[in-house]
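Handing you a structure now.
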Amino acid sequence: MRENIKLSLQGIWSHKMRSMLTMLGIIIGIASIIAIVSTITGNSEMIKESLIGSNNNVVTVSLYDGEWEYDMQYSSNPEGIMPLDSEFKDELEAIDTVDKVAFYNSREYSDNSIYRLDTSFTGGIYGVDDQYFGLYNYQVINGRALLQADYDNFRKVVILDNTAASSLFPGENPLGQVVEISGEPFTVVGIVSQTKSVELNINSVSDYYTYANTSSGKMFVTGAVWPMIYRFDEVQKIAVKAVDTDSMTKAGKAVEDAVNEKLGLTAESQYQFKSQDLLKQAEQLQAMSNSTNQQLIWIAGISLLVGGIGVMNIMLVTVTERTQEIGLKKAIGARKRMILGQFLTEAAVLTSFGGVLGVIFGIVTAKLLSKIMGIPTGLSIPSMIIAVLFSMCIGLIFGFLPARKAANLNPIDALRSE
Amino acid sequence: MILEMTDVCKDYFRGKIPVPVLKEINLKVEEGEYIAIMGPSGSGKTTLMNLVGCLDVPTSGTLKLNDVDVSTQTEDQLAKLRNSFIGFVFQQFHLLPEMDARDNVALPLLYAGVGLKERREKAEEALKMVGLEERIHFKPNQLSGGQCQRVAIARAVVGKPKLLLADEPTGALDTASGEQVMEIFSELNRQGITIVMITHEPSIAACANKIYHIRDGVLTADR
Ligand SMILES: Nc1ncnc2c1ncn2[C@@H]1O[C@H](COP(=O)(O)OP(=O)(O)O)[C@@H](O)[C@H]1O
Ligand SMILES: [Mg+2]
């Protein structure tokens, strides 16, 4: 056996070009599978991280109209939903899975209410409380943050994130400049950026819109002035920071229940506060990208099949070419089984080698993809081992016919052929 | 009796029509004999050799090797017989080009299940016997025809067979190399190996103790 493997490797080496071409199908097939699997692994990790981890363990709890999240753009303000006050916030923060809570208003769509000179701002606007920036890990990189005095005096000041700053004030210093929100002039007093950058992963149309909006940035005003620029008592959203990642779902549920109870909303009410279930969302996103990838894996599988047929073809040629060698080996006492074993080993070594090369190419491809297109990749060792074993099996399966042909060769014909 | 052929016939089929190649061959070879079979091209020499070497089966008649009827043997048993009882030398050497001399010689031992170290030792011994101890790491394409044939002889005898079958062993060699090969054969025969050699050169056949002639598939003893 060891002998056979050694001989096969010698054979592969002495016919480098041919071996390479034979292995090509296998290499391509395995490489694409490895690349896809790396992308899947990377994607799931990124989804989890961006949705859960790097969002700093924050769950949002917001108002739902039946199945759908209540949307300020299309609906009138619901009756009887009272604004939440800071005492209630303290109550929520007393829940043991909850670390911090922020109330905020937001419009994550463009309603042409914000201008800088003649340019309309297409990003999102947020009316925030004093905890919001801390919760979402924003840091002031220029100017200042919102002050208590801004809240107390209903000051018309606005904070931009760095994306909004560069989209509205390209090449200028935004500090001290004016942005018009619902006809009111607001002065830019600070620029913030998120310390942990949350990379976006677009898997659906709604993801795309979110991306398109955030790509033009966000701006923040005090929650105090929100009623002045938009409707008077718009329903707030609640950002809940859990004590750790594992208790995010629990914290969200607890806050959800507390808010509903406080506002007298029950399961029968039209409106109800619901926390987004991040784990479920992560799974859904993952399933979506996985099903696309599953199709890709089928395609790669077909290329493996074609590769296997290529191996069979070349092995048949090899057997014909080496008729004499086979005849001689039989003449000096090789049994059928040994000839069969020799050719099967050769096929398996060839395809395993192809598999190893494929894994290497796959990793390189995945790395390149992640460099060029910003697709995250993760390497999974078991999938590499399976890939190599799988290509070995391809060699065994597609090598069987040629090997049997070799084993059944008639030694006299074989020796005569010259 | 090391080899006994009784009324052995061999037909080849050209389409449906049987073409007799060997006609009622009767041949007895005792242990230690050295016989030569002569005949013109196409007379059936190689066919006879293939039958004796268990590479082919007779159409009729019985063939006994070491008093065993080969028609009773399974394919694996025949392989074992070829491996340890018989040694083959061909006109075209049939060495494996990618292996060096020592590995070529050791090949039958591999099929006999001998370990690597012992294989190498025995192969080196056999190469020494044919005077090629300096060439153990040469590949066939680095060796002359005569040297290749000596490697092939070393391979044929490395497993200490009782019977050496040689099909025109000097057919592809110049006279000097041919004589070297004949010396080795004589030495092997002195050591007790039975030799059946095919040739069409009378000078080569003269080395044998006994000469047969074959013509149109009929075997006759000399004199
Ligand atoms: N496999 C075969 N099929 C058909 N005819 C064959 C086959 N092998 C040999 N023959 C014929 O048998 C005859 C004897 O061949 P061979 O034994 O090779 O002769 P030699 O070795 O004496 O030159 C030739 O006429 C050859 O054409
Ligand atoms: Mg011949």
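Throughout, a chain's letter reflects where its sequence line sits, starting with A, and its residues are numbered from 1. The analysis underlying the following values was restricted to heavy atoms, covering all of them including side chains, and did not include hydrogens, waters or symmetry mates.
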Is it the case that over 12 heavy atoms from other parts of the model lie below 6.0 angstrom from the CZ atom of F390(A)?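 It does not: F390(A) CZ has 12 such atoms or fewer within range.
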Contact listing (chain B partner; residues 336-359 of chain A; heavy atom under 4.5 Å):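 Expected list: K336(A), M338(A).
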Per-residue contacts, residues 66-76 of chain B versus chain A, heavy atoms under 4.5 Å: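 The list, in residue order, reads E75(B), D76(B).
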CG of D216(B): more than 12 outside heavy atoms within 6.0 angstrom?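 No.
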Please check if atom NZ in K23(B) has more than 12 non-hydrogen atoms from other residues, nucleotides or ligands closer than 6.0 Å.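 More than 12 heavy atoms, drawn from other residues, nucleotides or ligands, come within 6.0 Å of this atom.
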Nearest 0.5 Å, what's the CZ-CD distance between F90(B) and Q324(A)?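 CD of Q324(A) is found 10.0 Å from CZ of F90(B).
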Kindly indicate, with the supporting measurements, whether the criterion side chain to side chain contact (heavy atoms under 4.5 Å, CB included) is fulfilled by F88(B) and L328(A). CA-CA 9 Å; F88(B) 278 102; L328(A) 171 88; over 6 Å; no
Quick check: closest heavy atoms across L55(B) and A331(A), and the distance to 0.1 Å? CD2-CA, 3.7 Å
How about NZ on K117(B), more than 12 heavy atoms from neighbouring residues, nucleotides or ligands closer than 6.0 Å, or not? no
What distance do N410(A) atom CG and D56(B) atom CG have between them, rounded to the nearest 0.5 Å?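 The CG atom of D56(B) is 6.5 Å from CG of N410(A), to the nearest 0.5 Å.
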Part of L116(B) lying under 4.5 Å from any heavy atom of chain A: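 Just its side chain gets close to chain A.
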Side-chain donor/acceptor of R335(A) to backbone N/O of A79(B), under 3.5 Å: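 It does not hold such a pair.
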Measure distances from L110(B) to the heavy atoms of chain A and classify the residue's part below 4.5 Å as side chain, backbone, both or neither. side chain
How long is the span from the CZ atom in R322(A) to the CD atom in E98(B), to the nearest 0.5 Å? 6.5 Å
Looking at every non-hydrogen atom in both residues, tell me the closest pair between G333(A) and N83(B) and how far apart they are.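 It is CA-CB, 3.7 Å.
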Tell me if the CZ atom of F138(B) is crowded by more than 12 foreign heavy atoms within 6.0 Å.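 Enclosed: over 12 neighbouring heavy atoms sit under 6.0 Å from CZ of F138(B).
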Can you list the steps and then say if H94(B) with L415(A) is a side chain to side chain contact (heavy atoms under 4.5 Å, CB included)? CA-CA 8 Å; H94(B) 288 305; L415(A) 287 172; 3.7 Å; yes
To the nearest 0.5 Å, what is the distance between CG on L51(B) and CD1 on I412(A)? 7.5 Å
At a 4.5 Å cut-off on heavy atoms, which part of L96(B) comes close to chain A: side chain, backbone, both, or neither?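 For L96(B), side-chain heavy atoms alone lie under 4.5 Å from chain A.
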